[in-house]
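In what follows, a structure is listed as C-alpha cells, so that the remarks can point back to it.
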Amino acid sequence: MADADRPTFRAAPAHLDLPALEEEILGIWEDNGVPERSLQWGARAWREGKAPAYVFFDGPPFATGLPHYGHILPGTIKDIVPRYFTMRGFAVERRFGWDCHGLPIESLVQDELGLAGAADIEAHGVAAFNEACRAGVLKYVEKWRATVRRMGRWVDFEDDYKTMDPAFMESVWWVFRRLWDLGLVYEGYRVQPVSPALATPLSNFEVAQGPQERDPVTRKEGHKRRQDPSITVRFKLADEDAFLWAWTTTPWTLPSNLALAVHPDLVYAKVRFEDTGEVAYLEESRLSAYREAGKVGPYEVLARVPGRDLAGRPYEPLFPYFERYRTPQDGYAAAFRVVAADYVSTDAGTGIVHQAPAFGEDDFEVGRRENLPIVNPLSLSGVFDERVPDLAGMFAKDADKVIVGMLKEQGKLVDQDTIVHPYPHCYRTEQPLLYMALSTWFVKVEPLRRMLVENNETIHWVPEHVGRGRFGNWLAEARDWNVARNRFWGTPLPIWRCDEDPSDMVCIGSVAELERRAGLAPGTIRDLHRHYVDDITFPSDKTPGGTMRRVREVFDCWFESGSMPYAQNHYPFDETRKRYVEDHLPADFIAEGLDQTRGWFYTLHVLATALFRRPAFKNVIVNGLILAEDGKKMSKRLKNYPDPNEVIDRYGADALRAYLVSGPAVRAEPMRFSEQGVRDTVRTAVLPLWNAYRFFVTYARAEGFVPSAADLAATPAHPLDRWIRSRTQSFLAEIREAYESYHLDRVVPAYQRMCDDLNNWYIRRSRRRFWRGLRDDEAGQREAFATLYATIVTIVHAIAPVLPFTSEWLYLRLVQDVGLGDGAASVHERSFPEPVAGAVDAALERDVAIVRRVVALALAAREKAQVAVRRPLATLTVAAADPVVRAAVERFGDDVRAEVNVHALAVRADDASFVHYGAKANFKRLGPRLGKRMKAVAAAVAALSSEEVRSAVERGSVEVAGEVLSVDDILVTRAIAGDAVAQTDGDVTVALDTEITDELRAEGWAREVVNRVQNLRKAADLDVSDRIHLALWAEGALGEALARPAHERFVAGETLAERIDRPPEAAVRARPHVREDVIDGMRLVLGLARADGGSPS
RNA sequence: GGGCGUGUAGCUCAGCUGGUUAGAGCGCUGCCCUGAUAAGGCAGAGGUCGGAGGUUCAAGUCCUCCCACGCCCA
C-alpha cells in the first residue's frame, strides 16, 4: 500500500527524552516566532473582528524574588486555559504584569543602602531612594522570563504592564479620582503598629516578620516575649466615694486615658477592704484572683452590680492633661466615663479595662462607637509632646517608670508587678512596637457590601467553596479599605491639600489636570513618583493665599494591582483601548493562589464594583499552596524541595505541568510536592501517548502508509475502529467539559483513560491488522491505519493545552510532515477537535467495557489454575443472566478467545453449576421499611441457603423472618463452587476447561517457540519487518510437535521466517544468533539469521 | 480569638443526597503477557476512615466537642 509519491513519517526515536524534545521544540518556536504569532493573534484578532475576545487578567507578581512552585502552578493554569480557548477560536490577550511598588523592593533597597527607617530615607533623599528601587525592581526579570519560557507558558513579556509605568500610575489616579467623585474616599484614623526607632508605621507583613519565639508552656510559635510592667490603678468615681480598679501593661498610655470599659454581662463586686477601708469595684472572679494572689487583704462585699449598670458613670481623670474632654466638645461626646464593651475578658486584670482610643485596636473601636476623641500625644518616634508637659520629650517606654512613680506618689497605684508576654517587635530594630491611631485614607467599602455580594454570586469559583464561603463571608463583612501607606516607592496619592485650611482639598485625576493647575506646559510631568510630584504646588481655588501641597502618602500596592484592568490599558486616556476595557469587564478568567482571596481577588472585585457596578471576573481558579514533600512549607533555608529548574531539566516541563494540575492544588487544597510524582507523571501521562505514536510510525513506515484526506473522511466499518472512534468522541466530550468548567484536575485523568483504551485494547486487539504478510484485506489495513492515526492526532490536539511540547512535537511529525495541517505550523494554532456527529455508539462502548471485564475475569481464572496464557485451552464458559452481557460476549467472541487463548467460547445464562448463591439484605431498600427489624431480617437473609436463594430468584420473592421480600429486596452473591476453575463478579461468571490434550499441548509449544524466537529477534536488534532464516533443534516430543506442518507454518508466519531448517544441534548453534531454552523439560536450540544473508551490525 | 479548608492504604488522592465486604493510581511482592511500550494484565500484602461522644435499623458520610495542619483575618 506504499504511497510512494507522498512525504512520509520520520522514524521515531527508540526512547523518549522529554527534556531534549522540549529543547528542540523551544528552538523551533524561537526560529519560527510561533509564540509571538499566537500572542499577537490573541491581542489583535478581536480588534480586527476576526474572533471574539476571551479576556484574561494576569495578576502581577513581585519581581524581587525568583519564581518558585507557587508561581509555576498558577502560571501553568494561566497557560492551559488561554491555550484551550485560543484553540476554541477565541482571541486571548495574555499580557504579563509586574508589581513593582511596595515593601518588598523598598526593604531590599533599604538593606542595600543601609537605611534603617523613614528618617534615614528622607535624609538619603527620596529621589535617590526611589531611583534605586526603580533600578533594582526588575533585577530578576530575565530569570523569570527564562523559567516562564522553559515551562512552555506563552505570555507576552513585550507588551507587559508594570505598576511603576507613568501610564499605569495615571490610570490609578483616575481610579482614585472616580472614587473621590463618588464620595467613597475619606480621611480617618486607623490603629497601626509603629516602629518608634524607624519612626514608621509597619504593615502586617512586616509585623509578622518580626522576631519570633516559642512559648515555653504552650510550645506555640509567637512574637518574641518581653517583660512589661503590670499595674493596677485606681480611678475615683465622680459620683460616689468609691474607686474603679483597672489593670494595664502599658502605663505610657494612661495619660491618654479617656474611658474605662466593663463587660455588660459580667458581675462586678463593690467591696470594702478591711485593712484600708477603701471601697472599690472589680469583677467578682478577678477579685478572688487578686485575693488569692495576696494582692489584697480581706474584704466585705457591699453590692453586686452587672457591668451594664456601671456604664455611663463618670470618673475623675487620672491626669489633668486632657481634662477638658470631661465635657462634650469638638463634636465628641463626654469622656471619662464607664463604657460597656464585649471584648472585656476575665483572663487577667480586674475586669475593668483602661481605654486610650489612640493606642489599641479595641480601644479605638470602643472610642469610635462612644464618639470619644482620638488623643495621641506621641510622635511617630514614640516621644511625648508638649500636651503632656511632665513627660514632654520622653520616650513612651521610658515614661513607664516615671508614670508609675507619679501614680504611686498620688496614691493611685493599687498594685505593681511585672509580666512576661509575647509582644510584637520591629523586624529591623527588634524594639517593641507601639500601636497608635494614625491618620490615613480610606475607600468606603461598607456601603458597597450588598452589591459586592450580589456581584460575587455571578462568579464561577473553582473550587466553589472559596467563593461561597471564604470570599463571600469576607464581602458580607467587608470593612472600609485603608489604601494609603506612609512609604516612598509607590503611586502617590493624588490629593493636594491647602496649607491654610486642611479641609480644602482637591483630588487630581490625570497628569494633564495637574499640569494645568500647576501652570506647567503639557508634557512637563514625565513621571508620577514622589520625587517628581511632591514639590508641585499650586494656589488654592477656595482659600485666598493658600497653597495646595500633596499629602505624604502613597497607595498600598494592592490598590494598584486591583486597578490593573484599567491601568494596564491606560484607561480612560488611551482612546483605542477604552472600548475594550468597557466591553470586556468582567474578564472571562483569572487564576491565583488561595492567599489572594483577601488580596488581588478582593481588590479587583471592590474596584470593579465601585467603578462600574460589575464584578471583575467571571471564572476563577483558586490554587492551593505547594508544600514540600515533608508537608511543611517550602523553605529555602531548610532546602526541603528540589530547585524547579532542575526538575524541569530532569523530567521536562510537560511532566511538571501535568503533575501540578492533576493534584489537589488546583482545587485550592494544599499539595505536597514530590519529585517522584513528577517522574511518575512522565510514565503515566506522557509515555502512553508517545508509545502509541511510536507504534503507529513504526508500522506506517514499514507499510508505507500515509493518510489521505479521503482516508480520514471515511467512516470505518471494523468494530474496533468504530469503537475507538466512538470512544474518542466520548473522550472529547469529557475533556471539553473539564476545560470549560475550569476543573483542570479532570483533564489529565480523562486523557489517561483514553490513552489506556487506545493502547491496551484498540492497538493490542488491532495489532495484526497492521502487519505485513498477515493482511488479506488491504482496505481493512488502510482503515485501521487511518483510524489509529486520526485517534492519536485527536488526542494530541485535545491534550495540547496541558502538554504543549509533547503535543507540538507529535503534531510536527504526524501532521505537518505529511502536509495535513492546513498550513498551521503549530498545534497551538489549530482548532480544538469538534465533535463528529453520529460517531458515538454508546452500545458499542458498553459492549467493549463488558468484554474487557469478562477477559479480566478469565485471566484471573487462568492465574488461579496456574496455566500460562501462552498455553491454549479448549473452552471458556461465560455465564450471565443479563442478555446484554451475553450478546456483547458473543459479538466480540474472537477478541475474548484471542485474549484468553481458548479455542472455544460457550455462552449461557445459567451459572448454577459453577457457583453457590448467597444473599444479603438490600439495606437501602429495606432499611426505611423495616426500621428496627432490619437487623433480624438481614441476619435471616444472610442465612439463606444456596437453594433457597435460587428459588427466590426464580419465584421472584421469598419469605424470611416473617417478611415477604421481593428479589429486589435482596442482593444475590455468588461464590465459586468446589474446585471449579472459575471467577465471578456480580452476575458474570467465567469458567475454564483446564484439561490439556496432546493437541493443545503441542500448540502451546509452538507458541512458546514463537515467543523465544521473538525474544531472539529483539536481542539480535532486528527491525520488526526483517525476514529471517530460522533453524531449530528440539528434543523428543517437542521436536516432533514442531515438525508438524501446521505448527511450522504458524511459527514461520508469526516470526517472519522465510525458511525453517531443522539441522543437527551443532549446525543450529553455528547461526549468527543463537538461543537455548528448556520447554516442559525438553531442550530447544534456536538459530537465526536475517533473510538477506547479512547479520545486522 | 474568628472565618474557610484539610485529615481515608507506605505515598498522592476518590468516596454523590447516610445503605452490602471503604476504592483508584503509584510504590512493594509473586505470577503472567508482549511483533511498539521505560508499558500492560492478574493476584497479594497494606486501613482503629485524626480522636471522643451523639443521632439512626444503619455513620468515612449527619450533629457536638476536641486534636493536628494550611490559608486568611483579628
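Letters A, B, ... are given to chains in the order of the sequence lines, protein chains preceding strands, and every chain is numbered from 1. Small disclaimer: the values here were computed from a predicted structure and weren't measured.
- Applying the ring pair (Phe, Tyr, Trp, His ring centres under 6.0 Å) criterion to A:Tyr762, with sequence neighbours excluded, gives no partner residue.
- Going from atom CH2 of A:Trp558 over to atom CH2 of A:Trp481 covers 10.0 Å, rounded to the nearest 0.5 Å.
- Taking atom P in both B:C16 and B:C71, the straight-line distance is 27 Å, to the nearest Å.
- Ring centers of A:Tyr699 and A:Phe695: under 6.0 Å apart, within the cut-off.
- Distances shorter than 4.0 Å separate some side-chain N or O of A:Tyr699 from OP1 or OP2 on B:A36.
- Taking atom P on both nucleotides, B:G70 is separated from B:G18 by 32 Å, rounded to a whole Å.
- Between A:Arg852 and A:Asp756, at least one side-chain nitrogen of the basic residue sits less than 4.0 Å from a carboxylate oxygen of the acidic one, meeting the salt-bridge criterion.
- Stem regions annotated for RNA chain B: B:1-7 with B:67-73, B:10-13 with B:23-26, B:28-32 with B:40-44, B:50-54 with B:62-66, counting only runs of 3 or more consecutive pairs of Watson-Crick or G-U type with both contacts under 3.5 Å.
- If you take atom P in B:C42 and the same atom in B:U34, they sit 16 Å apart, rounded to whole Å.
- When distances are taken from the side chain of A:Arg767 to each of B:U12, B:U34, B:A38, the shortest belongs to B:U34.
- We find that CD of A:Glu477 is positioned 12 Å from P of B:A74, with the value rounded to whole Å.
- The pair A:Glu737-A:Arg746 counts as a salt bridge, with a side-chain nitrogen and a carboxylate oxygen less than 4.0 angstrom apart.
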Where along nucleotides 20-31 of chain B does protein come under 4.0 Å, by heavy atom, of base (B) or sugar-phosphate alone (S), with - for untouched nucleotides?
BB----SS--BB
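- Listed pair A:Asn691 / B:A38 fails the phosphate criterion, with no side-chain N or O lying under 4.0 Å from OP1 or OP2.
- Contacts of A:Arg870 with the nucleic acid, taken as non-hydrogen atoms under 4.0 Å apart, involve only primed sugar atoms and P, OP1 or OP2.
- No side-chain donor from either of A:Ser662 and A:Asp745 sits under 3.5 Å from a side-chain acceptor of the other.
- In this structure, A:Asn623 places its CG atom 13 Å from P of B:C71, rounding to the nearest Å.
- Annotation: A:Phe770 is not in aromatic contact with A:Phe696 [ring centroid separation under 6.0 Å not met].
- Take the nearest nucleotide of RNA chain B for A:Leu625 and for A:His15: the residue whose nucleotide is more 5' is A:His15.
- A:Arg694 has its CZ atom 9 Å from the P atom of B:A38, to the nearest Å.
- Atom CZ in A:Phe601 sits about 14 Å away from atom P in B:C73, given to the nearest Å.
- Here A:Ala12 lies out of heavy-atom contact (under 4.0 Å) with every strand.
- Between B:G40 and B:G53, the distance separating the two P atoms is 44 Å to the nearest Å.
- The distance from the CZ atom of A:Phe601 to the CD1 atom of A:Ile459 is 10.0 Å, given to the nearest 0.5 Å.
- Rounded to an integer number of Å, the gap from A:Arg764 CZ to B:A39 C1' is 11 Å.
- Rounded to whole Å, the separation between the C1' atoms of B:U21 and B:A68 comes to 31 Å.
- Spacing between atom CZ of A:Arg746 and atom P of B:G15 amounts to 10 Å, rounded to whole angstrom units.
- Both A:Ala692 and A:Asp756 sit near RNA chain B, but only A:Ala692 has its closest nucleotide nearer the 5' end.
- Atom CG in A:Leu689 sits roughly 17 Å away from atom P in B:A36 (whole-Å rounding).
- One finds no side-chain N or O of A:Arg862 lying less than 4.0 angstrom from the OP1 or OP2 phosphate oxygen of B:C32.
- Atom CH2 in A:Trp481 sits roughly 13 Å away from atom P in B:C73 (whole-Å rounding).
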Give me, pair by pair, the N or O atoms of the protein and of nucleotides 2-5 of chain B that are less than 3.5 Å apart, along with how far apart they are.
from	atom 1	to	atom 2	distance (Å)
B:G3	O2'	A:Asn473	ND2	3.2
B:G3	N2	A:Arg470	NH2	3.2
B:C4	O2	A:Arg470	NH2	3.2

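- A ring-centre distance under 6.0 Å is found for A:Phe705 and A:Phe785.
- Comparing B:C28 with B:C49, their P atoms sit 28 Å apart, to the nearest whole Å.
- Scored by the ring pair (Phe, Tyr, Trp, His ring centres under 6.0 Å) test, A:Phe471 finds A:Trp461, A:His605 as partners (sequence neighbours excluded).
- Note that CD1 of A:Ile724 and CH2 of A:Trp761 are 11.5 Å apart. Values are rounded to the nearest 0.5 Å.
- Atom P of B:A14 sits at a distance of 13 Å from the matching atom of B:G50, rounded to the whole Å.
- For B:G1 and B:A59, the P atoms lie 33 Å apart once the distance is rounded to whole Å.
- Taking CD1 of A:Ile1060 as the start and CD1 of A:Ile1028 as the end, the distance is 8.0 Å to the nearest 0.5 Å.
- A donor-acceptor contact under 3.5 angstrom links the side chains of A:Asp680 and A:Gln676, judged on distance only.
- Residues satisfying the salt bridge (Lys or Arg N to Asp or Glu O under 4.0 Å) test with A:Arg10, not counting sequence neighbours, are A:Asp817.
- Counting any heavy atom pair closer than 4.0 Å across all strands shown, A:Arg1007 reaches sugar-phosphate atoms only and no base atom.
- In this structure, of B:C33, B:C42, B:U37, it is B:U37 that holds the atom nearest to the side chain of A:Lys1018.
- The residue A:Asn759 sits close to a base: some heavy atom pair falls under 4.0 Å.
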